[in-house]
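All heavy atoms count here, side chains included; hydrogens, waters and symmetry mates do not. Sequential numbering from 1 along the given sequence is applied to the chain's residues. These figures come from a predicted structure and were not determined experimentally.
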Amino acid sequence: MFGPKRQCVVVVGAQWGDEGKGKIVDVLAERADLVVRYQGGANAGHTVVTGDDEFVLHQIPSGILHAATRCVIGNGVVLDPETLLHEMDELTARGVAIADRLVVSDRAHLVLPYHKQLDQAMEQVQRIGTTGRGIGPAYEDKYGRRGLRVGDLRHLDAAVTLVRARVERANRWLAILGAEDRVDADEHAELVRRLAPRILPLATDTGRLTWDALRAGRRVLLEGAQGALLDVDHGTYPFVTSSNTTAGGATVGAGIGPTAIDAVLGVVKAYTTRVGNGPLPTEAEPTAGDRLRAEGAEYGATTGRPRRCGWFDAVVVRYARRVNGLTDLAVTKLDVLDAFDQLPVCVGYRLAGADLDDMPADTETLSRVEPVYEVLDGWRRPTSDARRLADLPSQARAYLDRLQDLVGTPITYVSVGSRRDQIIGV
């Protein structure tokens, strides 16, 4: 992906999240000088397997596993400080150096326990399918101009006063929502005072840092969380996350201008999954869906919830190409399809007798579409040892060629397993 004219690359999910972005970022980070996480929070779970070790990262960019790569948590992220410190301690205990390699934007907003309590209470009313990690309420505070930012911890007494007021507000809302439990202002004040000495040494103007790196000719990788169909504006609203997961959110969340981006890599599974509620047009019937889930170990890295599974939806990925400006695709989990005789691929939708080639804007309409399938031959051979396209069975290559044609974007990487080395560069 990196090259003479590709210095700044964005990695985005082009489905409903869980596409395998963590592995792809880990592979690309070997050549990156800076990896910047630009949105989302601890609701994301990026899994990276190196040798016999598996790492699940919720806040820290996946590039942390490369010793020469510096990692940035940008201003667009809502930061759970307790999760961050836990990840830092765990990585250090496992021999991963953190010192001088991780920085946090002083403009990033904090997720505190009252946000999580509100999230869980609201989920009982809305049934969106959130992770309960406080992401939505933290973004609500941000856009309501009542949030607490990392840099505010430099003025600790004022920050504590603000947090106490926010806890009082949260308790009023918890009562309205019918929740039995309340949050404690003294505990929040103590937490903020305890966290500040460990968080503040990481805090800096990460937008300036990223801009300076680009001006110096360094390679920058912008890492997103979730997927395009979970974008708050362009996803299957209201069954979405609370941030802009698409490539446009990368510059806002990293603090650089849009002209800095040279390439946008969309990551897709060779099939489709979704966690939580909302429409999934190509959701497989139970027998096939259960088989995909078992073969692909499709359980959420953050919640452990089983993912809903279905066939590749070219309408969804074409839409993701458009709203992200995708220049390249990475197809993951091709090996999961090794045991299937036939592979349906959705090439369009049909609604009330009319053919649709694009995503309806509203979920009510999307939930009523009928996918139009083209059935391709499976290959019934293992692909996990393939390291070149030529190593793949002819049917697997034909499958990838058809996906590329349907989406209209070249496939640059193919993943055939969870390990770092199980990757084909096309």
Side-chain angles (χ1 to χ4, degrees), residues 37-44 58-59 73-85 104-126 128 130-179 181-196 199-200 202-203 206-207 225-226 230-233 235 237-238 240-245 249 252-255 302:
R37 169 80 182 275
Y38 63 82
Q39 51 75 222
N43 55 339
H58 297 279
Q59 292 272 232
I73 297 176
N75 56 272
V77 172
V78 286
L79 180 72
D80 184 330
E82 293 180 287
T83 297
L84 173 67
L85 296 177
V104 176
S105 172
D106 50 13
R107 291 174 169 86
H109 282 248
L110 294 175
V111 179
L112 295 172
Y114 75 82
H115 291 119
K116 300 175 188 180
Q117 196 88 1
L118 281 169
D119 197 1
Q120 292 159 21
M122 287 191 286
E123 177 63 15
Q124 296 303 310
V125 177
Q126 291 182 294
I128 297 296
T130 75
T131 62
R133 296 298 183 96
I135 308 305
Y139 275 115
E140 284 185 41
D141 277 357
K142 174 178 178 174
Y143 292 109
R145 291 162 292 190
R146 53 178 176 268
L148 181 72
R149 305 198 297 181
V150 169
D152 294 332
L153 298 178
R154 295 177 180 131
H155 314 284
L156 200 49
D157 288 342
V160 167
T161 298
L162 179 65
V163 167
R164 287 184 177 278
R166 298 298 171 256
V167 168
E168 289 181 11
R169 181 181 183 277
N171 280 329
R172 291 195 297 271
W173 273 106
L174 287 169
I176 292 170
L177 292 167
D181 296 333
R182 299 292 181 270
V183 285
D184 187 273
D186 290 338
E187 290 178 2
H188 275 73
E190 180 186 349
L191 175 66
V192 168
R193 291 189 184 280
R194 187 172 73 249
L195 292 172
I199 297 295
L200 282 175
L202 305 173
T206 57
Q226 291 90 37
L230 294 176
D231 184 280
V232 69
D233 286 306
Y237 189 90
V240 293
T241 193
S242 301
S243 60
N244 287 115
T245 61
V252 176
T302 299

Got a donor-acceptor contact below 3.5 angstrom from the D231 side chain to the T245 backbone? yes
What I'd like to find out is whether the side chain of E190 reaches to under 4.5 Å of the side chain of R194, using heavy atoms alone. yes
Would a 4.5 Å heavy-atom cut-off, applied to side chains only, mark H188 and V192 as touching? no
With side chain to side chain contact (heavy atoms under 4.5 Å, CB included) as the test, pick out the partner of L202 among I73, V150, L84. L84
For a 4.5 angstrom cut-off between non-hydrogen side-chain atoms, does H109 reach L148? no
What is the minimum heavy-atom distance between V160 and A189, and which atoms define it? CG1-CB, 3.6 Å
Flag side-chain contact, heavy atom, 4.5 Å: L153 against L110: yes
Please assess R164 against D184 for the test salt bridge (charged side-chain N to carboxylate O under 4.0 Å, His left out), listing each intermediate value before the final yes or no. CA-CA 9 Å; R164 287 184 177 278; D184 187 273; over 6 Å; no
Any non-hydrogen side-chain atom of P81 less than 4.5 Å from a side-chain atom of I199? yes
Nearest-0.5 Å distance that lies between atom CG in D186 and atom CG in L191: 12.5 Å
Nearest 0.5 Å please: distance from the CD atom of Q117 over to the CG atom of L177. 11.0 Å
So, the side chain of D106 versus the backbone of G151: is there a donor-acceptor pair under 3.5 Å, distance only? no
Looking only at heavy atoms, which two atoms of V104 and T206 are closest? And how far apart? C-CG2, 3.6 Å
Between the side chain of D80 and the main-chain N/O of I135, is any donor-acceptor distance below 3.5 Å? no
Would you give the length of the straight line joining atom CD of Q59 to atom CD of E82, rounded to the nearest 0.5 angstrom? 11.5 Å
Would you mind listing every side-chain hydrogen bond (donor to acceptor under 3.5 Å, both in side chains) that reaches into residues 134-150, with sequence neighbours excluded? Y114-D141, H115-D141, D141-R146
Could you tell me whether a side-chain N or O of R37 sits under 3.5 Å from a main-chain N or O of Q39, the two making a donor and an acceptor? yes
